[in-house]
Amino acid sequence: MKRVTLIPGDGIGPEIVNATLKVLDAIEVDIDWEVVNAGRKAYEEEGNPLPEDVIESIRRNKVALKGPLETPIGSGYRSVNVTLRRIFDLYAIIRPAKYIPGLPTRYTDIDLILIREGIEGLYVGAECSLDPYKHHSISIRYMSRDNCKRLISFAFRYAIAHNRKKITLAHKANILKETCGMLREEFLKEARKQDRILAEDMLIDSVVAELISRPSKFDVIVTSNMFGDILSGVIAGLIGTVGILPSANIGNEYAIFETAHGTAPDIAGKGIANPSAMILASAMLLEHIGLTEKANIIREAVKEVIKEGKYVTLDIASKLGTTPVSTSKMAERIAEIARQKLEES
Ligand code: NAI
């Protein structure tokens with residue numbers, strides 16, 4: 001039986017993780033979960049938001065499913081999410097976003113994959129104040145050629161393996177000539193070697209404008225860390241709710257699967273969070289460990305429940321003008337449909 005690290009997370013984390021386990025149980029996924037705590041809970045109980053047992057568990061198991069973790073704003077401990085990506089060298093963050101029929105959105109033809117750099121850029125946390133009064137501060141945007149090269153190579157391989165037709169690099173190499181310039185150079189070098197996929201590079205501001213006015217123009221987008229974070233928010237808005245956007249942090253040896261959204265403190269503890277992003281993240285995990293058929297069953301079940309529109313949480317029900325159900329009710333319906341699909345298969 002495959003052993004996988006499970007981090008319930010903060011805020012809505014435990015609610016959506018429990019909901020996800022219901023779905024995985026329903027389709028008899030054979031995983032031995034090793035549960036460890038990180039984030040706010042671990043910080044309050046152990047004085048450390050990333051205890052050693054979490055790191056050891058992921059090192060042993062190589063794969064983890066993680067609920068969202070809180071990062072204090074302005075001061076306090078550093079982001080556990082960012083630290084985990086750095087420790088396990090998770091240099092590519094994959095976020096697949098697709099229109100789901102039945103969910104009211106501005107566009108119905110969105111089907112794209114965002115590949116965001118995961119360990120460098122502005123996220124290295126190299127910041128300081130230049131004077132004792134904190135009137136002048138700097139942030140360093142560090143990028144290395146080796147990492148740009150492997151990110152770009154990964155993005156092309158991923159796009160081709162998933163039968164994608166086009167890959168777009170989103171950058172700002174007219175202003176950030178060294179960092180974005182280096183990423184663009186590596187992109188153009190790789191593009192020249194490929195004839196199986198169309199490659200284009202675009203300034204980040206044009207990418208945002210095009211995404212909002214004509215998202216079907218995009219297929220796979222690859223970009224740096226902070227630009228990817230912002231694009232991910234735009235994409236979440238375009239597909240209707242951040243509650244359906246999963247995320248995979250991938251390295252050569254390790255992988256951590258999570259949601260693109262955070263701990264949603266405004267709705268935590270109310271049992272109303274959409275569990276779909278976490279459930280879809282678990283499908284990405286299953287695919288990663290070779291359980292592709294079960295991964296597809298989960299994806300189809302989520303799609304069907306949203307299309308049906310009767311057992312959906314507030315974020316979707318408010319768009320449909322229907323009565324919302326709880327996180328666990330939506331998960332139960334997804335589990336029920338997934339189980340039926342498994343029996344039919
Ligand atoms: P957020 O994504 O938690 O929430 C933004 C908005 O989306 C809120 O209105 C929230 O209610 C809604 N939302 C998020 N997930 C939802 C779901 N599943 N169903 C329905 N509505 C949902 O972003 P925010 O508020 O900026 O961040 C809160 C905390 O989460 C911060 O501490 C931040 O650092 C952390 N965070 C953690 C991430 C991770 O662990 N990968 C990713 C992003 C943020």
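None of the values given here were measured: they were computed from a predicted structure. Residue numbers start at 1 and run along the sequence shown. Whatever order the structure lists ligands and atoms in, that order sets their numbers, starting from 1.
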Which segment of V242 sits under 4.0 Å of ligand 1 when only heavy atoms are counted: side chain
Structural part of N274 in contact with ligand 1, heavy atom criterion under 4.0 angstrom: both
E258 side chain to N249 side chain, donor-acceptor N/O pair below 3.5 angstrom: yes
Nitrogen or oxygen of T71 less than 3.5 angstrom from that of ligand 1: yes
N-O pairing of E200 and K166 below 4.0 Å: yes
Which segment of I12 sits under 4.0 Å of ligand 1 when only heavy atoms are counted: side chain
Heteroatom proximity flag, P68 to ligand 1, N/O under 3.5 Å: no
Backbone or side-chain N or O of H261 under 3.5 Å from ligand 1 N or O: yes
Shortest protein heavy-atom distance from atom 1 (P) of ligand 1, along with the residue and atom involved: G262 N, 3.5 Å
Heavy-atom gap M278 to ligand 1 smaller than 4.0 Å: no
Check: R85 N/O within less than 3.5 Å of ligand 1 N/O: no
Salt bridge D32-R3, side-chain N to carboxylate O under 4.0 Å: yes
Whether A273 lies under 4.0 Å from ligand 1, heavy atom: yes
side-chain hydrogen bond (donor to acceptor under 3.5 Å, both in side chains) between T5 and N61, worked out: CA-CA 6 Å; T5 301; N61 301 327; 2.9 Å; yes
Options A277, P265, S247, ranked by nearest heavy atom to atom 25 (O) of ligand 1, top entry: P265
E120 versus N225, side-chain donor and acceptor atoms under 3.5 Å: no
Geometric N/O contact G67 with ligand 1, under 3.5 angstrom: no
E190 and Q194 side chains, donor-acceptor separation under 3.5 Å: yes
Pairs touching residues 258-290 that satisfy ring-ring contact (aromatic ring centres under 6.0 Å, His included), sequence neighbours left out: F257-H288
T263 and ligand 1 - part of the residue with a heavy-atom distance under 4.0 Å: both
Distance flag, aromatic centroids of Y99 and Y107, threshold under 6.0 Å: no
